[in-house]
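Labels below follow one simple rule: chain letters A, B, ... track the order of the sequence lines, proteins then strands, and each chain is numbered from 1.
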2 protein chains.
Amino acid sequence: MSATIRDVAKEANVSVTTVSRVINNQPLVSEETRQRVLDAIDKLGFHPNAVARSLVNKKTHIVGLLIPDISNSFFSEVVRGMEDVASMHDYHVILCNTDQQLLTEARCVEVLREKQVDGLIFMSEQVTPQHESVFESSRLPVVLASTRDEHGRFPAVYVDGLNSSQAAVEHLISLGHTRIACISGPLKDLIAGKPRFDGYRQALAKFDIPFDPKLAQEGDFRFESGYRAMKRILQLPNPPTAVFAGSDEMAAGAINAALDSGLSVPGEISVVGFDNIRLAGMIRPKLTTIAQPMYEMGATAMGMLVEVMAGRVLKKTDVMLPGQLIIRDSTGPRR
Amino acid sequence: MSATIRDVAKEANVSVTTVSRVINNQPLVSEETRQRVLDAIDKLGFHPNAVARSLVNKKTHIVGLLIPDISNSFFSEVVRGMEDVASMHDYHVILCNTDQQLLTEARCVEVLREKQVDGLIFMSEQVTPQHESVFESSRLPVVLASTRDEHGRFPAVYVDGLNSSQAAVEHLISLGHTRIACISGPLKDLIAGKPRFDGYRQALAKFDIPFDPKLAQEGDFRFESGYRAMKRILQLPNPPTAVFAGSDEMAAGAINAALDSGLSVPGEISVVGFDNIRLAGMIRPKLTTIAQPMYEMGATAMGMLVEVMAGRVLKKTDVMLPGQLIIRDSTGPRR
DNA sequence: GGGTCATTTGAAAACGGTTTCAAGTCATTC
DNA sequence: GAATGACTTGAAACCGTTTTCAAATGACCC
């Protein structure tokens with residue numbers, strides 16, 4: 001079918017060794033033979049077979065990406081960062097949607113390993129002991145993105161949820177709000193759930209505002225859960241004047257719920273989100289939020305994985321990126 | 001390092017042939033030896049090396065995805081459909097962001113081919129003769145998604161932009177609007193640009209509404225271009241009472257521009273979009289739009305590719321999916 | 001007892017590259 | 001003119017599988 005290195009060798013009247021040297025730009029070939037080989041390659045339209053090459057090199061230059069759901073804009077932005085850095089280093093990425101199912105995740109690791117990928121990036125709300133054992137028995141370099149394992153066994157990149165959300169809530173407090181609700185993500189999520197909720201409480205504590213459990217609702221980061229949580233909150237006898245949501249989608253849901261209940265935003269109730277997905281600038285009012293450096297997080301994670309795969313040792317195995325408060329139109333002074 | 005088929009053979013006291021038969025579930029092995037081999041595999045923690053396997057099979061069970069930009073929610077939704085169907089058939093996908101740069105696209109095709117992928121799915125605004133020649137010289141099965149080539153040389157799946165947008169505009173007309181603007185995508189885009197614009201004109205023509213070139217603005221599908229186009233339109237001496245936008249993002253931009261100009265939507269101006277991305281249900285007012293079956297488009301494209309890779313011949317090489325008008329809150333009767 | 005046949009098994013040749021190591025060529029040196 | 005060394009080159013082993021083909025085994029039949 002397609003020409004092989006042997007065909008080229010025959011055509012150029014040299015050995016396969018020499019052809020191999022030429023296609024790998026090794027210096028030990030005379031200019032004249034090199035040219036002859038190049039001509040033969042051209043003539044036959046030869047392309048080296050990366051599979052054969054991988055078999056002997058034991059390197060595929062492919063990395064696996066275990067992502068909950070690529071259609072979620074948070075992940076797709078992160079993945080873009082990963083892919084850009086990967087291709088910068090001549091790596092390609094295999095994408096796997098896991099829906100955070102341990103079984104799916106484990107199966108993916110297994111076949112990726114059979115496919116001899118050079119490394120793995122993992123994203124998921126939790127990294128359980130089962131995860132750790134799956135990763136360890138795969139013997140592959142693994143980097144965690146937007147998550148981390150309890151024991152810090154694997155390098156990880158994530159955003160500082162605690163301080164970021166504290167800043168978000170302090171922003172609300174600085175506007176005069178004292179009755180502030182929180183729509184958090186699942187608290188068992190140790191990166192995007194718990195820390196953001198803790199930041200909320202920490203801000204309250206700092207200003208001696210008592211914590212009212214009724215004002216704390218748990219959602220799942222999605223629009224609908226934000227909408228429903230807000231509806232519940234607004235039925236309270238003594239509703240809040242501001243809401244901090246653990247994700248932009250939930251914040252958008254909350255805003256819609258408020259508007260549907262006839263409240264103006266930020267006139268009667270302020271809302272602040274978390275993530276700064278594209279949506280945040282497109283809804284009305286534009287969302288005040290914490291910008292997560294999603295692209296950068298993906299890029300950083302892939303950068304670390306590349307380092308590890310190159311056999312170098314990481315200077316920092318635990319990278320915490322700062323979030324940034326972006327003040328737009330969904331927050332205003334208490335009236 | 002990792003155990004090979006030879007190690008297993010030695011451990012089980014059989015030949016590699018027999019081991020190979022066992023791991024491929026071939027029937028010509030006695031129950032007793034099979035068990036012995038299975039035990040050895042277990043004991044050594046053996047996993048077959050897919051690279052070596054691919055070398056002889058000439059099948060990698062990997063397909064390449066050439067996508068303009070995975071961080072765009074339209075593409076990420078499509079890709080999700082592709083990946084789901086791929087994994088259903090035991091394929092994995094390598095993701096490449098091309099930014100619609102011919103050079104990047106060509107380079108990706110080349111290295112994917114070197115990596116011996118079994119097929120390719122391509123997305124981009126245009127398929128030029130250069131593209132065709134790149135695909136053809138790669139000798140890989142190719143399926144086009146949300147685009148198509150002039151000569152119909154490659155199987156393609158896309159949404160019927162002409163009839164869908166005609167339906168969208170007819171919806172506006174049925175609400176009593178006669179002065180209707182159009183914010184289209186680039187007209188050189190033969191799938192998402194031109195046809196949607198043509199559908200707009202066709203609807204006007206059907207109801208004998210004259211076409212006013214001033215009401216036709218060209219954008220690039222993104223939010224900002226919609227915003228700017230709307231601002232221009234609203235400065236017209238005789239502004240329209242409704243706008244049809246070629247994408248939801250542009251529609252969202254248009255709505256924001258209208259609100260910023262003090263107009264109410266849909267009270268004073270109706271807006272209809274195209275795509276039905278998640279955003280459409282999250283903005284205020286919720287967007288009336290044409291739902292593109294994005295997931296289904298990805299799934300269908302991958303389904304076709306799988307067929308082709310299996311050596312079967314496609315019943316239909318040109319699949320046109322219908323769009324669906326979804327009436328929400330951004331359109332209302334002319335006042 | 002030899003021939004036939006079905007059933008299991010394994011040796012060896014691929015697949016398309018890389019790499020080790022030895023050898024050949026030729027100018028330079030003493 | 002032989003020894004030295006720099007520079008090119010190639011034969012062959014190897015990477016971890018699959019597959020072809022032949023051989024071994026044992027049951028069965030006449």
Item to complete: Specify the residue among B/Leu28 and B/Leu55 whose closest nucleotide of DNA chain C lies further upstream toward the 5′ end.
Response: B/Leu28

Practice prompt. Select base, sugar-phosphate, or nothing to describe what A/Val14 touches, counting heavy atoms under 4.0 Å on all strands.
Written response: sugar-phosphate

Practice prompt. Could you list the residues that satisfy ring pair (Phe, Tyr, Trp, His ring centres under 6.0 Å) with A/Phe154, not counting sequence neighbours?
Written response: A/Phe135

Practice prompt. Please list, in 5' to 3' order, the outermost nucleotides of DNA chain C lying under 4.0 Å from any heavy atom of chain A.
Written response: C/dG16 to C/dC21

Practice prompt. Please name all residues satisfying salt bridge (charged side-chain N to carboxylate O under 4.0 Å, His left out) with A/Glu150, sequence neighbours left out, ordered by chain then number.
Written response: none

Worksheet, complete the sentence: Only residue of A/Gln100, A/His131, A/Gln130 satisfying side-chain hydrogen bond (donor to acceptor under 3.5 Å, both in side chains) with A/Glu105 is A/His131

Item to complete: With sequence neighbours left out, write down each residue that passes side-chain hydrogen bond (donor to acceptor under 3.5 Å, both in side chains) with B/Asp149, or none if nothing qualifies.
Response: none

Worksheet item: Any side-chain N or O of A/Ser15 under 4.0 Å from OP1/OP2 of D/dA11?
Response: no

Worksheet item: NA contact type, B/Val51, heavy-atom cut-off 4.0 Å: base, sugar-phosphate, or nothing?
Response: nothing

Fill in: Distance, nearest 0.5 Å, that separates OH of A/Tyr91 from CD1 of B/Ile94
13.5 Å

Discussion item. Using a 4.0 Å heavy-atom cut-off to protein, can you give one letter per nucleotide of nucleotides 17-28 of chain D, 5' to 3': B if the base is in contact, S if only the sugar-phosphate is, - if neither?
Written reply: BBBBB-------

Worksheet item: Looking at five pairs on each end of the helix from C/dG1-D/dC30 to C/dC30-D/dG1, what is the angle between the two axes, given to 10 degrees?
Response: 70°

Worksheet item: Which residues satisfy the salt bridge (charged side-chain N to carboxylate O under 4.0 Å, His left out) test with B/Glu125, sequence neighbours excluded?
Response: none

Item to complete: Taking side-chain hydrogen bond (donor to acceptor under 3.5 Å, both in side chains) as the test, write out the residues that go with A/Arg53, two or more places apart.
Response: none

Worksheet entry | With sequence neighbours excluded, residues passing salt bridge (charged side-chain N to carboxylate O under 4.0 Å, His left out) with B/Asp99 | A/Arg80

Discussion item. What residues from residues 110-119 of chain A pass a heavy-atom cutoff of under 4.0 Å to DNA chain C?
Written reply: none

Worksheet item: How close or far is atom P of D/dG10 from atom NZ of A/Lys10, stated in whole angstroms?
Response: 14 Å

Worksheet, complete the sentence: Hits for ring pair (Phe, Tyr, Trp, His ring centres under 6.0 Å) against A/His47, two or more places apart or cross-chain, chain-then-number order -> none

Practice prompt. State the CE-CD1 distance between A/Met123 and A/Ile191, to the nearest 0.5 angstrom.
Written response: 10.0 Å

Worksheet item: Is it true that A/Glu77 and A/Arg278 make a salt bridge, defined as a side-chain N closer than 4.0 Å to a carboxylate O?
Response: no

Indicate every side-chain donor-acceptor pair of residues 7-15 of chain B with a distance under 3.5 Å to a residue at least two apart or in another chain.
{"residue": "B/Asp7", "atom": "OD2", "partner": "B/Thr4", "partner atom": "N", "Å": "2.9"}
{"residue": "B/Glu11", "atom": "OE2", "partner": "B/Lys43", "partner atom": "NZ", "Å": "2.8"}
{"residue": "B/Ser15", "atom": "OG", "partner": "B/Thr17", "partner atom": "N", "Å": "3.4"}
{"residue": "B/Ser15", "atom": "OG", "partner": "B/Thr18", "partner atom": "N", "Å": "3.3"}
{"residue": "B/Ser15", "atom": "OG", "partner": "B/Thr18", "partner atom": "OG1", "Å": "3.3"}

Practice prompt. Measure the distance from CG on B/Asp7 to C1' on D/dC15 and round it to the nearest whole Å.
Written response: 13 Å

Practice prompt. Tell me what B/Thr33 touches on the nucleic acid: a base, only sugar-phosphate, or nothing, going by heavy atoms under 4.0 Å.
Written response: sugar-phosphate

Worksheet item: Shortest non-hydrogen contact from A/Gly193 to A/Phe221?
Response: N-CZ, 4.2 Å

